[in-house]
Amino acid sequence: MSDSAGAYNAVTYLLDRNVAAGRGDKVVFRDPVSEVTYGGLEVETRRLGNLLRRLGVRREERVAMMMLDTIDFPIVFLGSIRAGIVPVPLNTLLTAEQYAYVLMDCRARVLFISEALLPVVKDVLGRLPDLQHVVVSGQNPNGHLSFKDELAKENDAFDTAATHRDEPAFWLYSSGSTGMPKGVRHLHANLEATAETYARQVLGIREDDVGLSAAKLFFAYGLGNALTFPMSVGATTILNPERPTPQVMFELIRKHDPSIFFGVPTLFASMLHDEAFRNEPRTKRLRVCTSAGEALPELVGESWKQRFGVDILDGVGSTELLHIFLSNAPGDIRYGTSGKPVPGYDVRLVNDTGAEVPDGEVGELLVNAPSAGEGYWNQRSKSRQTFEGNWTRTGDKYTRDAEGRYTYCGRSDDMFKVSGIWVSPFEVESALIAHPSVLEAAVVPAEDSDGLLKPKAFVVLKQDVSPGDLNGALKEHVKQKIGPWKYPRWIEVVESLPKTATGKIQRFKLRDGRIQ
């Protein structure tokens, strides 16, 4: 991990330490077609270091990853870090132009890409002056280098780079829901920081755990769930390269019987209401679930616990802070809240002048985090706005109660006032979701005939529910649940809500009239 001179490489903490502890023969990752042990992964990451050296990539340079969740992903990610080279995992659902922007922005020397994703970027690869090689994971490299073949040429004698714990280890690009993604530079020490705080002290992850994450590895939440946390204790992860539909996730749960299931609110709701799995039995080994990405509606958490007998630990994290910093905990759960600060993280709520707000008042959440990123790449102004000394601005509005629990109100740019009183879109959405006909809801401000802001709701109905005359019933339902001034003056039934690849509702598109 580290020595007296300050050398520290995250791969030593995550991987080599497990092999040294005698877990070399234990399976660390299992995907639909293969599996790899801790010892086997150690060998493959050393070969990857030699491959990068042969391809001419130098210390601190970047390699991009457009990779589905298979065993090849951790080989590239951890092998690059071992070599002191910076892997940049990319969202696998971007457009060609977004990829062109990000690959140009990070100046990747090599692109590791899953075969299925090649068609998306084939027309932009020639526009990238820094890109020297494309390495394809899959059966047909389509004229590029074959990952399997190139890796097989290398030997496993490779000296791990003597990096520093404060040295950039990897980048993650933010969701970019309102513009092009921003590259967050994370340090070698940040991975261990999330494992020793949330994973150990809240989740209580153990060596005998088997984890399954709906969130993908390119996503900060998924990277912790499926790589950092299990490897920190020598556990096992089931990798899923497919889209995490209710059918796919239920089938994986049946087949692998995980002890931890990492989900997101939209998926939990969809799994609860999927007619094909209405009689799905409880599993034998599942002991805990987690949720992040968006706040978990109270009804969804309570319904899941009632049906499957397992709690969902709802929490909030961000790309900038790498994983969850506010969370409910086993034995200390109150659905409808984001819980309390994770041990090791300090939080505060401030108003527009920077003064701390008292309990019960809405404020912006700031976090003092051991896992905070170093800043945004080539975005000095935004870095200074977000990273303020020890504190990171989250852009989330919260309230705190007398017990120290935090309740999500919305993004700073989603909040609005009605009759001089703050309205939380999430509170109205939660009230709507509590109606038996509603599956999902999103609320935005809209002007009435007098030019005053009032709530407008977009709702997705459950299967086989007809819109009929629901309008009045839903308005009355919200009035009774949270107060007469908060009810949506307009309700529009839609087929689906616009979301980022990480499941966050893109309310700005609804405000702009872009539903699809």
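Bear in mind the structure is a predicted one, so any value in this text is a computation, not a measurement.
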Can you name the nearest heavy-atom pair linking [X] to [Y], along with the distance?
X: G263; Y: A214; value: CA-CB, 4.3 Å
X: T392; Y: L321; value: OG1-CD2, 3.6 Å
X: L299; Y: I433; value: CD2-O, 3.4 Å
X: I71; Y: D31; value: N-OD2, 3.1 Å
X: P455; Y: V443; value: CB-CG1, 3.9 Å
X: P265; Y: S291; value: CD-OG, 3.3 Å

Quiz item: cation-pi between K182 and Y376, 6.0 Å / 45° = yes
With a distance cut-off below 6.0 Å to the six-membered ring centre and an angular limit of 45° from the axis, does R511 pair with F508 as a cation-pi contact?
-> no
[X] versus [Y]: any side-chain heavy-atom pair under 4.5 Å?
X: L187; Y: P168; answer: yes
X: R287; Y: V310; answer: no
X: Q385; Y: Q379; answer: no
X: L78; Y: L227; answer: yes
X: L453; Y: E447; answer: yes
X: T399; Y: E427; answer: no
X: S80; Y: F170; answer: no
X: N351; Y: V357; answer: yes

Show the numbers, then the answer: is there a salt bridge (Lys or Arg N to Asp or Glu O under 4.0 Å) between K499 and E294?
-> CA-CA 11 Å; K499 298 186 181 78; E294 286 237 288; over 6 Å; no
Taking 4.0 angstrom as the limit, do R334 and D401 come out as a salt bridge?
->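 Counted as a salt bridge, because a side-chain N and a carboxylate O are separated by less than 4.0 Å.
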Please determine if D332 and R405 form a salt bridge, counting it only when a charged side-chain N lies under 4.0 Å from a carboxylate O.
->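 Looking at R405 together with D332, the answer is yes, because their closest N to O distance falls below 4.0 Å.
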State which residues pass ring pair (Phe, Tyr, Trp, His ring centres under 6.0 Å) with W304; sequence neighbours excluded, sorted by chain then number.
-> F268, F308
Check whether more than 12 heavy atoms from other residues, nucleotides or ligands sit under 6.0 Å from atom [atom1] of [X], and answer yes or no.
X: R59; atom1: CZ; result: yes
X: R285; atom1: CZ; result: yes
X: R58; atom1: CZ; result: no

Ignoring hydrogens and geometry beyond distance, is a side-chain donor-acceptor pair present between [X] and [Y] at under 3.5 Å?
X: Y173; Y: Q98; result: no
X: T386; Y: R393; result: no
X: Y335; Y: N328; result: no

Would V444 and F458 count as a side-chain contact (heavy atoms from CB on, under 4.5 Å) if you check the C-alpha gap in whole Å, the side-chain angles of each, and the deciding distance to 0.1 Å?
-> CA-CA 8 Å; V444 298; F458 297 83; 3.9 Å; yes
Y345 side, atom OH; S371 side, atom OG - distance, nearest 0.5 Å =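 Reported value, rounded in 0.5 Å steps: 2.5 Å.
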Option passing side-chain contact (heavy atoms from CB on, under 4.5 Å) with P89 (candidates W171, F112, F77) |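 Only match with P89 under side-chain contact (heavy atoms from CB on, under 4.5 Å): F77.
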Verdict with reasoning, R109 to D130, per salt bridge (Lys or Arg N to Asp or Glu O under 4.0 Å) | CA-CA 6 Å; R109 296 294 304 276; D130 295 299; over 6 Å; no
With under 30° as parallel and over 60° as perpendicular, where do the rings of [X] and [Y] fit, or are they tilted in between?
X: H323; Y: Y198; answer: tilted
X: F262; Y: Y221; answer: perpendicular
X: Y408; Y: Y398; answer: perpendicular

Between E192 and R17, does a salt bridge (Lys or Arg N to Asp or Glu O under 4.0 Å) hold up when you go through it step by step?
-> CA-CA 12 Å; E192 181 179 357; R17 181 172 57 97; over 6 Å; no
Side-chain donor/acceptor of N225 to backbone N/O of S213, under 3.5 Å = no
Hey, does the side chain of E364 reach the backbone of G395 with a donor-acceptor pair shorter than 3.5 angstrom?
->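 Side chain of E364 to backbone of G395: a pair is present.
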Tell me, with the steps shown, if H188 and I81 meet side-chain contact (heavy atoms from CB on, under 4.5 Å).
-> CA-CA 8 Å; H188 277 263; I81 292 175; 3.4 Å; yes
